[in-house]
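Here is the naming used below: chain letters follow the sequence lines, and residue numbers restart at 1 for every chain.
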There are 2 protein chains.
Amino acid sequence: MARRRLAVTIKHVAADAQVSLQTVSRVINNEPNVRPEMRERVQASIDRLGYVPSIAAQRMSGSRSYLILALNDRERTIADWRARQGTDWVDQMLLGGMLECAEHGYRLIFELVDTHEDHLERELGAALAALQPDGAILTPPHSDNQEILRILTRHHVPYARIGALGDEDGHCPPGVRVSMDDEGAARLATRHLLALGHRRIGFIAGPAEYRLAGWRVDGWRAEMTAAALPCDGLLEAGDFSYASGARAARALLDREAPPTAIIASNDQMALATIEAARDAGLDIPRDLSVVSFDNTPLVRFTTPPLTAVDQPISETTATAVRLLIQAQRDGADPAPTVVLPMSLVERGSTAAPRD
Amino acid sequence: MARRRLAVTIKHVAADAQVSLQTVSRVINNEPNVRPEMRERVQASIDRLGYVPSIAAQRMSGSRSYLILALNDRERTIADWRARQGTDWVDQMLLGGMLECAEHGYRLIFELVDTHEDHLERELGAALAALQPDGAILTPPHSDNQEILRILTRHHVPYARIGALGDEDGHCPPGVRVSMDDEGAARLATRHLLALGHRRIGFIAGPAEYRLAGWRVDGWRAEMTAAALPCDGLLEAGDFSYASGARAARALLDREAPPTAIIASNDQMALATIEAARDAGLDIPRDLSVVSFDNTPLVRFTTPPLTAVDQPISETTATAVRLLIQAQRDGADPAPTVVLPMSLVERGSTAAPRD
DNA sequence: TTGAAAGCGCTAACAG
DNA sequence: CTGTTAGCGCTTTCAA
């Protein structure tokens, strides 16, 4: 392979500016102890020659790799991709994470992690050793996976966890935590339905594996309790799949006093709820209001369009990236916690109850 | 930053296996001239120590970077993400490209390129200099952007172009070309409608900037001509946006002899066509059949669901990656051309014409 | 404030 | 077949 004869290296810049390599390095990295005139002269050479430092070389000499790893659940991500159901989680992650990275001269590398295999240590370890990223972003359910945290810790890779709050086991440093306000969002959705006049509001929870699933239940329960309404017989759990949503919805609708509104913890389960209601001869929203907890693209195309909680996924990822980079650069607090608000998008699937 | 005391390097392996660095290197890279027993001994040490070569170091010493860049149009990609209309192009690209990369020990890095700015040279050049990728994948409309090709060529980065066929200007090496059979797909869609009994089949083309737009028109025209049907007044062009699709659809429907079926070159324009037809009091598919040229998730949720051409995006990207890696590894033909077949998914938006 | 020297982990080129 | 040497481009010592 003909190696780039044209590659501009730090040497060329040094020669051009008539300074030492070290001075050029200092300018590149914005370090102090360079006279302004020197800095200018070097910068001029850099610009003229179109010099860009090689990340590999920077990493080699013990500096940063300017790489951030985004770790997602392998099975779920691939399943979502294959299913083509419009889940745009990855897109939104990239939108937020990648653009924020670019802003700081970093790159985001997507990596799928399989926790079911016993290769976890080997696979993730290999990725870390090969790439030597400056940080990692964990999405649920990996955010709470202690083994992943341990491996990252062992490799000295700082991490930001999305959707993880508190309750660490103390063996790993806490790291950056960025969460969407799941409980608040559930309250928002519940209040919206209460305001419409609903009193029996059912809730279809997500799997316990996802801690945010519990927070959402908490929010719903809190608002119901605050309104002096009982929650008994109004809670069912699914696993985020359509089938589980259908099961849960049927269970709720078969009750003696069925709910007049149902909050589902994600889109697939909300769609299943709509279908189940139709099968039961119910009209939406006349006989049953439905709120979803995702706001993926397709909810605007269903009939009726779904009222849904909107998750600020891109902002969340962007925040995670920013905090990770800041912590590394400025030695800022390496373990801040940020909670981002969610909003409710009202569409046609919610209305006042009939009775 | 506490440098990884635990980092296992080639030295440790060499010491452990009692061989030279070079021998370890040979084993890592599967090079010949190593006795089986040596190879085994070294491999044992590698496994025991959990050694993984540092990509940065490999790149530094003139070997590969194991990085492949996926170049997408910045403006369009971000717009799609923000619009959240369920375009899953990026997901499908990742699904195919990333998994294929992983298969070979490579990583895919997503990069957005802005051709509108005059920074093109600087921005893309910087990415190439910083990352020194082993290859790049170009998606439309960049696949035909001669300046991008020139920059890649200058940096000695081999590329694979998706949706680009022939007609190079000869200044750049041809590179890998992987296309979906756009013309064939247009023929497929046209034949489907002809078989249903349609004779006036309208076509809404994409912007000329995308060469595939022209191929699709060619396929439609070829089948119409083969069926001895005129194309006059049945062709309109849009720019892939909803608004442009609405305009084109209205123009077609306002004709003296309006088409009984319309093929739109993408989903947004197909949705706009449906809307325009509704506004004109037409029922779909009774009064007008509609075929889309994307098969994004949302077409299954419209009423009626859209008959659509399915693009094998993930296979295309996977193929591009595979060819790129093969060419580099085996010194295989660096400029193969592959055309992947597309299929038609029949749904509720097409039926026999009324008249 | 600047520069010189050493070395990061790996591979290419050359010996043996 | 195996080992030695040099060097990739950059940053970290440390010295001036």
query = Can you name the nearest heavy-atom pair linking A/Ser143 to A/Ala164, along with the distance?
reply = CB-CB, 3.8 Å

note = Of the candidates D/dG9, D/dT12, C/dC10, the side chain of A/Ser63 sits closest to D/dT12

ask   = Is the shortest side-chain N/O distance from A/Thr9 to OP1 or OP2 of D/dC8 below 4.0 Å?
value = no

remark   = A/Tyr66 atom OH is separated from D/dG9 atom C1', nearest whole Å, by 14 Å

request  = Would you mind reading off the distance between B/Ile55 atom CD1 and D/dC8 atom C1', rounded to a whole angstrom?
outcome  = 17 Å

ask   = Starting at CD1 of B/Ile28 and ending at C1' of C/dA12, how long is that distance when rounded to a whole Å?
value = 14 Å

Nearest listed nucleotide, side chain of B/Lys11, among C/dG3, C/dC10, C/dC8 = C/dC8

remark   = When rounded to whole Å, the CG to P distance for the pair B/Asn33 and C/dA12 reads 13 Å

message = Does C/dC10 have OP1 or OP2 under 4.0 Å away from a side-chain N or O of B/Tyr51?
response = yes

key: Heavy-atom side-chain proximity of B/Tyr159 to B/His142 below 4.5 angstrom   = no

query = Hey, does A/Pro32 reach any base, or is it just sugar-phosphate, or nothing, if we go heavy atoms under 4.0 Å?
reply = nothing

query = What is the distance from CG of B/Leu49 to P of C/dG9, rounded to the nearest Å?
reply = 14 Å

task = For the side chain of B/Ser61, starting at C-beta, report the closest nucleotide among C/dA4, C/dT11, D/dT2.
result = C/dT11

note = Against the side chain of B/Ser54, the closest entry in C/dC10, D/dG3, D/dC1 is C/dC10

request  = For residues A/Leu99 and A/Leu95, report the shortest heavy-atom separation together with the two atoms involved.
outcome  = CG-O, 3.1 Å

query = Roughly, in whole Å, what's the span from CD in A/Gln22 to P in C/dG3?
reply = 9 Å

inquiry  = So, does A/Gln58 get its side chain near the phosphate of D/dT11, meaning an N or O under 4.0 Å from OP1 or OP2?
reply    = yes

Nearest-Å distance for atom pair CE/P, residues B/Met60 and D/dG7 = 13 Å

ask   = Quick one: do A/Arg107 and B/Glu111 make a salt bridge, cutoff under 4.0 Å?
value = yes

remark   = From CZ of A/Arg41 across to C1' of C/dT1 the rounded distance in Å is 13 Å

ask   = Any ion pair linking B/Glu123 and B/Arg74 (charged N to carboxylate O, less than 4.0 Å)?
value = no

query = If you check every side-chain atom of B/Arg26, which of D/dG9, C/dT2, C/dC14 has the closest atom?
reply = C/dC14

query = Is A/Arg59 side chain donor-acceptor paired with the C/dG9 base, going by distance under 3.5 Å alone?
reply = no

message = Please classify the nucleic acid contact of B/Val24 as base, sugar-phosphate, or nothing, using heavy-atom distances under 4.0 Å.
response = nothing

ask   = Under 4.0 Å: is that the gap between some side-chain N or O of B/Ser25 and OP1 or OP2 of C/dT11?
value = yes

key: Nearest listed nucleotide, side chain of A/Asn29, among D/dG3, C/dT1, D/dT11   = D/dT11

message = Of the listed nucleotides (C/dG9, C/dT2, D/dC10), which one gets closest to any side-chain atom of B/Ile10?
response = C/dG9

ask   = What closest approach, in Å, do B/Pro32 and B/Arg39 show between heavy atoms, and which atom pair accounts for it?
value = CA-NH2, 4.3 Å

Nearest to side-chain heavy atoms of B/Leu21, which nucleotide of C/dG9, D/dC10, C/dT11 = C/dT11

